[in-house]
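Because the structure is predicted, anything quoted here is derived from the model rather than measured.
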Amino acid sequence: MWSSLKAEPLGENRELNMIRGTRPFSLSAAARAVLGRGSWGGDGGTQQLTLWDVAEQIRKKECRRVVVMAGAGISTPSGIPDFRSPGSGLYSNLEQYDIPYPEAIFELMYFFANPKPFFTLAKELYPGNYRPNYAHYFLRLLHDKGLLLRLYTQNIDGLERVAGIPPDRLVEAHGTFATATCTVCRRKFPGEDFRGDVMADKVPHCPVCTGVIKPDIVFFGEELPQRFFLHMADFPMADLLFVIGTSLEVEPFASLAGAVRSSVPRVLINRDLVGPFAWQRRHNDVAQLGDVVSGVEKLVELLDWEEEMQTLMRKEKEKVGRG
């Protein structure tokens, strides 16, 4: 589908979607109106699908293989800090290292020369620092109900795993802190083995060859994880697609939104219209715009899953308390 499956600007979050010297491209609603785009187009007046309709299809078990594409918008409600905003704690922490430009911390050449800035970021984002929110637990409930075929996430914070979604249901397109690799001898290690070093502001080194150990986060130009290729089977099989909290600007992840069959409903829960929802919208596309958590809550209400969500979140909170 793509000539290259190497990583472009990592993370896609406002804190991780870093395009040197430019702003992420965004077509405003006004501009789309002037250009005659952003309409439903091409469906000859076909009745437009609504969020209620999608909820009905799920309740009637007409949708059994749900694929989710998730971006940074599901994690910001958990307090994941913004990377690029001047004055944010994370940016200020990195500033002291006088990095030439923000995305340098995700470039291998810079990492080999000076890994310290990356591990400063890693300390902030390392699993355990933040807790899943309502949106993560909605995805967990989809799994518990046997509906989640796969969750494709651009996030590297690991909150999907913390929410209880098993690794076999996850595709962490931009990598994970759950595993790590020695940059010299290429030995693999559990990421948790080096949490102590990272939290102590130390660069972790291989116990065998003393090379620097890098968490398996995808840097610019690195190959995407092999699991990403699951999309070639998952998206043709899907009978419902959720796109939640993503700008759909980072390739090749963004193009997956067009990989489901044209008959498959696509539901965008996001602050803004993005990707094909903005300029190639289908009659069976649904856009629930605004706050991501509020949008998910609306869907849960339509599904009549509020009580199950509260029970799940209460149990998970109790687990954390016992931990």
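- Donor-acceptor pairing under 3.5 Å is lacking for the side chains of T120 and E124.
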Take F219 and F111, measure what ring-ring contact (aromatic ring centres under 6.0 Å, His included) needs, and give me the verdict at the end. CA-CA 10 Å; F219 277 30; F111 178 83; 5.6 Å; yes
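- A donor-acceptor contact closer than 3.5 angstrom is absent between the side chains of D216 and T176.
- W305 carries K145 over the face of its six-membered ring, with the cationic atom under 6.0 Å from the centre and within 45° of the normal.
- T311 places a side-chain N or O within donor-acceptor distance of the main-chain N or O of E307, the cut-off being under 3.5 Å.
- The cationic atom of R266 (NZ for Lys, CZ for Arg) lies less than 6.0 Å from the six-membered ring centre of F277 and within 45° of the ring axis.
- Note on R161 versus E172: salt bridge recorded, some NZ/NE/NH1/NH2 to OD/OE distance being below 4.0 Å.
- I99 contributes atom CD1, which lies 10.0 Å from atom CD of E107 (distance to the nearest 0.5 angstrom).
- The line from CG of N133 to OG of S75 is 7.0 Å long, rounded to the nearest 0.5 Å.
- Annotation for A55 and L303: closest pair O-CD2, 3.6 Å, computed over non-hydrogen atoms.
- If you take CZ on R169 and CG on L149, they are separated by 6.5 Å, rounding to the nearest 0.5 Å.
- Taking a 6.0 Å sphere around CZ of R261, one finds it holds more than 12 heavy atoms contributed by other residues, nucleotides or ligands.
- Between F106 and F118, the two ring planes are perpendicular [angle over 60°; tilted spans 30° to 60°].
- One distance of note links OG1 of T181 with CZ of R187; it measures 12.0 Å at 0.5 Å rounding.
- Considering CZ of R314 and CD of E318, their distance stands at 6.5 Å, rounded to 0.5 Å.
- Nearest heavy-atom pair, N155 versus T153, reported as atom, atom and distance to 0.1 Å: N-OG1, 3.0 Å.
- Under the 4.5 Å side-chain criterion, counting only non-hydrogen atoms from C-beta, F119 is in contact with P215.
- Between D291 and R271 there is a side-chain heavy-atom pair separated by less than 4.5 Å.
- A donor-acceptor pair shorter than 3.5 Å cannot be found between the side chains of Y137 and Q310.
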